[in-house]
Asks: 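Below is the structure I would like to discuss, written out as structure tokens.
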Amino acid sequence: MNLLRVLILFLICVSVAPPARAQVTVVPSKKKVVVDGKSFYLHTVKQGETLYSIGKAYNVLQKDIVFNNPDAFEGIKIGQELKIPVKAEEAPAGSQLESALFIYHITEKGQTAYWLTQHYNISRDELVKYNPELEHSPLQAGQVITIPKKTNGAAQPSKPKTGHAVHTVKRKETLFSIAKSYHVDLNEVLEINPEIDANDPKLKIGQQIKIPLTDAVPINLPVETSKTDTVIIRQDMQIPANDSLQDAGAPAAIDDAPDCAETAQDEFRIAMMLPLFLADNSPASAPDSSMVKDSEGRFQYRDGRYWIHPRSANALEFYEGALLAIDSLKKQGLNAKVFVFDTMRDTVKMAQLLRSPAMKDMDLIIGPFGTDMVNQVRSFAGENRIYYVSPTAINAASLKNNPYLVQVNAGEINAINPVVDYLSKQTDIHVTLIGNNSETDQALFSAYQNKLGTVFADSSFTVHRMRLDSLQQPGHYLKKKRMNVVIIPSADEAFVNAVTGQLHTSSHSFRINLYGLAGWTKFVNLDPEYLHTLEFRYATAFYVDYNKPEVQRFLQQFRKMYDTEPTMLTGYGGISSYAYQFAFLGYDITCYFGTAVRKYGKDFGRCMPAFRLPMLQSDFHFEKVDPFSGYKNTHLDIYKYGKDYTITKENLEITKENLE
């Protein structure tokens with residue numbers, strides 16, 4: 001879709017000579033941002049500037065500017081910010097940007113949490129606040145620790161008093177129980193008691209051991225006006241209290257649920273369980289902290305803030321969007337403590353988190369990602385009556401007998417029944433289902449085949465399985481006198497490119513409507529001309545309209561906070577069929593459920609079917625599949641590529657009957 005806009009605008013630019021006007025000198029910007037490992041200048045459009053003059057000033061093609069700024073397709077406006085690609089020969093040798101509020105300390109062998117508190121003059125509570133993994137695990141060599149800087153206006157810690165107390169061991173006491181009673185790290189106790197064998201720390205009744213002491217005062221971050229505390233695992237930029245989403249704010253409810261009284265609860269506790277893979281982002285884990293692995297596992301130079309592992313990218317962007325939502329929600333009165341946990345997609349670590357007594361006090365859990373992790377939370381959520389929200393597509397079976405699960409992204413499977421019902425209302429069509437032999441596509445292909453077979457007669461429906469190296473010619477399965485609806489439920493880019501190329505050639509002799517997956521809009525080599533000629537349609541719950549003022553405000557604030565752009569990332573190590581942007585997803589989910597828990601309390605589930613908020617990327621319409629199931633988002637729209645090079649939305653009818 002974006003590539004199409006680039007091509008159209010490029011044709012307009014090269015076919016229409018720029019009108020004569022007073023010469024305007026474009027002054028190139030020196031400000032840079034990094035998006036997906038690529039460097040861009042951030043240029044603010046001034047009066048009299050055009051794409052032509054801006055491109056000339058930066059020595060780049062106009063189509064390259066529009067390709068990286070899809071909202072410029074309609075034309076540029078004064079004050080609009082454009083990303084201008086930095087040419088390879090201009091790229092700097094690389095630099096490590098330092099956070100304004102944090103120091104990232106890479107631990108060495110022998111260093112302990114106690115050593116860090118003394119070295120950086122902070123309290124242990126403050127250290128654990130920004131590094132919660134230290135509460136349960138000892139410090140490891142090469143670990144990256146977040147240390148808050150002393151900022152202007154913040155309370156400053158007093159100089160810690162070094163020294164120790166002396167504890168006399170009593171009956172049944174262990175080194176672990178003693179350290180816990182003094183709220184100090186076990187390694188700190190071992191450090192100042194070298195006579196104790198760390199591998200066999202046996203104690204004797206009456207033995208005297210030293211306990212490290214410090215009275216460092218915690219550093220208070222300069223967010224004095226906020227009622228919302230965010231307990232953060234890692235954050236490169238803290239959102240200032242006076243720098244919110246401008247006038248956007250969190251969206252207001254459109255219509256409240258009937259018989260849902262607002263809660264009188266004053267404070268809420270929200271947990272975010274995200275696969276951030278923090279340990280993988282240590283500079284020690286890569287040959288060069290300014291390099292990032294590409295899709296083939298090779299390291300490439302990354303011009304940017306610090307090295308980010310591809311496995312962390314989705315969750316990191318989700319978290320960045322969520323932070324902007326929290327900043328907006330606090331201005332609407334949300335009083336909450338937000339706890340962020342790095343699950344690392346590790347079931348053992350997840351089990352440890354769920355055993356933590358603090359988790360039982362949560363009012364809402366956002367996450368985790370993935371079917372395996374979601375199923376692991378099932379019993380805990382049911383026993384403690386806590387709703388938990390799955391941001392990513394999961395197995396539909398996870399909803400069964402799981403009343404506290406909320407499924408935001410129901411996946412491509414959810415679209416089959418509404419799409420087939422949509423087609424069943426059309427007349428004089430012939431449906432052709434095309435698939436390949438990919439195991440990845442098998443489940444979706446079979447589901448389409450089963451549903452289509454129950455709705456269309458054999459004379460109106462055919463199935464064709466093909467191999468990439470032996471494709472059937474379309475003339476063998478297309479019908480001359482009927483509208484041919486061709487459905488290709490495949491995420492294999494090479495296969496899709498080959499078949500759509502054939503169909504495009506055949507479109508001169510046959511009438512064809514093509515149906516596929518939302519993920520095709522991410523394909524690099526798929527020609528948009530094919531999609532428009534074939535009037536391509538896809539069903540999705542996620543679509544960002546860059547012309548919406550609230551979307552533009554979000555983008556401005558995102559750029560300001562993070563010096564980068566939201567990117568469309570839906571998987572690591574493979575192609576996903578569902579296309580959405582995690583930064584928008586994090587914002588939408590946090591806004592919706594943060595508002596729901598504020599209005600209705602932790603039992604907000606009963607109110608969701610009628611509770612509506614305007615979102616940036618998706619509307620949320622939650623329904624139960626059956627009385628004992630969890631809730632899933634049933635919202636879907638069909639987006640149609642027109643032969644006139646437009647993209648329009650067609651609403652899908654969602655009923656109780658086609659939810660499954």
Side-chain angles (χ1 to χ4, degrees), residues 1-4 7 294-297 393 411-416 419-420 423 429-453 461-479 483-540 542 568-580 638-641 647:
M1 176 173 58
N2 292 340
L3 181 57
L4 167 73
L7 294 175
D294 63 16
S295 59
E296 297 179 5
E412 293 286 358
I413 290 287
N414 189 55
I416 294 176
V419 167
V420 174
L423 292 174
I429 65 172
H430 182 271
V431 180
T432 301
L433 179 67
I434 296 178
N436 60 6
N437 294 319
S438 167
E439 292 184 7
T440 306
D441 296 336
Q442 181 58 45
L444 191 60
F445 180 89
S446 298
Y448 261 107
Q449 183 176 0
N450 293 336
K451 179 63 178 179
L452 287 166
F461 170 52
T462 55
V463 178
H464 295 270
R465 300 296 295 266
M466 307 179 190
R467 292 168 53 94
L468 183 59
D469 56 1
S470 57
L471 296 178
Q472 287 183 261
Q473 291 300 315
H476 293 160
Y477 54 80
L478 297 178
K479 307 299 180 183
M483 172 60 74
N484 292 276
V485 173
V486 179
I487 303 174
I488 310 177
S490 174
D492 185 329
E493 182 171 2
F495 181 77
V496 170
N497 284 347
V499 178
T500 54
Q502 286 187 334
L503 292 172
H504 178 261
T505 302
S506 300
S507 65
H508 301 294
S509 305
F510 299 90
R511 292 183 297 150
I512 306 172
N513 283 169
L514 176 64
Y515 285 72
L517 308 183
W520 292 11
T521 60
K522 308 196 314 289
F523 287 168
V524 175
N525 297 313
L526 183 58
D527 192 338
E529 176 71 25
Y530 296 172
L531 301 182
H532 283 274
T533 300
L534 298 170
E535 295 187 297
F536 168 59
R537 293 172 171 85
Y538 68 91
T540 182
F542 305 98
M568 187 176 288
L569 298 167
T570 54
Y572 173 69
I575 296 292
S576 169
S577 62
Y578 231 71
Y580 47 82
I638 282 185
Y639 288 89
K640 173 189 173 184
Y641 281 51
I647 299 175

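Numbers here simply count residues along the sequence, with the first being 1.
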Asks: Quick one: list whatever passes side-chain contact (heavy atoms from CB on, under 4.5 Å) with Gln442, sequence neighbours left out.
Replies: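 Applying side-chain contact (heavy atoms from CB on, under 4.5 Å) to Gln442 gives Ser446, Arg465.
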Asks: Between Ser490 and Val496, which heavy-atom pair has the shortest distance, and what is it?
Replies: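 Result for this residue pair: O-CG2, 3.7 Å.
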Asks: Is Val499 close to Pro474 at the side-chain level, that is, under 4.5 Å between some pair of heavy atoms?
Replies: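 Answer no - side chains too far apart.
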Asks: Check whether any side-chain N or O of Asn513 sits under 3.5 Å from a backbone N or O of Glu535 as a donor-acceptor pair, and report yes or no.
Replies: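 Flag not set: sc Asn513 to bb Glu535 has no pair under 3.5 Å.
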Asks: Got a second to check how far Lys479's NZ is from Ile512's CD1, nearest 0.5 Å?
Replies: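 Answer for the NZ-CD1 pair, Lys479 versus Ile512, is 13.0 Å.
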Asks: Is the shortest side-chain heavy-atom distance between Ile487 and Leu452 below 4.5 Å?
Replies: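 When only atoms from C-beta onward are counted, Leu452 and Ile487 do touch, with a gap below 4.5 Å.
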Asks: To the nearest 0.5 Å, how far apart are CZ in Arg537 and CD1 in Ile638?
Replies: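 The distance works out to 7.5 Å.
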Asks: When you compare the side chain of Leu478 with that of Arg511, does any pair of heavy atoms fall below 4.5 Å?
Replies: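 Answer no - side chains too far apart.
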Asks: Minimum heavy-atom separation for Phe523 and Asp492, please, with both atom names.
Replies: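 Residues Phe523 and Asp492, closest heavy atoms: CZ-C, 4.5 Å.
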Asks: Got a second to check how far Leu503's CG is from Ile434's CD1, nearest 0.5 Å?
Replies: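 Interatomic distance, Leu503 CG to Ile434 CD1, rounded to 0.5 Å: 5.5 Å.
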Asks: Check whether any side-chain heavy atom of Leu471 lies under 4.5 Å from a side-chain heavy atom of Phe495, and answer yes or no.
Replies: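 Yes. Closest side-chain heavy atoms under 4.5 Å.
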Asks: Which atoms form the tightest heavy-atom contact between Ala491 and Asp441, and what is the distance?
Replies: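 Where Ala491 meets Asp441 most closely, the heavy atoms are N-OD1, 3.2 Å.
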Asks: So which heavy atom on Lys451 is nearest to which on Ile416, and how close?
Replies: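 Reported closest heavy-atom pair: CB-CG2, 3.9 Å.
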Asks: Check Trp520, Tyr538, Tyr641 against Leu514 for a side-chain contact (heavy atoms from CB on, under 4.5 Å) and give me the one that passes.
Replies: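 By the side-chain contact (heavy atoms from CB on, under 4.5 Å) criterion, Leu514 pairs with just one of Trp520, Tyr538, Tyr641: Trp520.
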Asks: How would you list, by chain and number, every residue that makes a side-chain contact (heavy atoms from CB on, under 4.5 Å) with Thr462, sequence neighbours excluded?
Replies: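 In terms of side-chain contact (heavy atoms from CB on, under 4.5 Å), with neighbours along the sequence ignored, Thr462 is linked to His430, Thr432, His464.
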Asks: Any heavy-atom pair between the side chains of Leu444 and Leu517 that's under 4.5 Å?
Replies: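 Side chain of Leu517 against side chain of Leu444, heavy atoms only: contact under 4.5 Å found.
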Asks: For residues Ala518 and Ala539, report the shortest heavy-atom separation together with the two atoms involved.
Replies: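 The answer is CB-O, 4.3 Å.
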Asks: When rounded to the nearest 0.5 angstrom, what is the spacing between CG in Leu531 and NE2 in His504?
Replies: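 One finds 9.5 Å between CG of Leu531 and NE2 of His504.
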Asks: Output yes when a side-chain donor or acceptor of Glu493 lies under 3.5 Å from a complementary backbone atom of Asn525, and no otherwise.
Replies: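 Checking the backbone N and O of Asn525 against the side chain of Glu493, a donor-acceptor pair under 3.5 Å is found.
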Asks: Would a 4.5 Å heavy-atom cut-off, applied to side chains only, mark Phe536 and Thr500 as touching?
Replies: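 Heavy-atom side-chain distance check fails, nothing below 4.5 Å.
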Asks: To the nearest 0.5 Å, what is the distance between CD on Gln502 and OH on Tyr530?
Replies: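 These two atoms lie 10.5 Å from each other.
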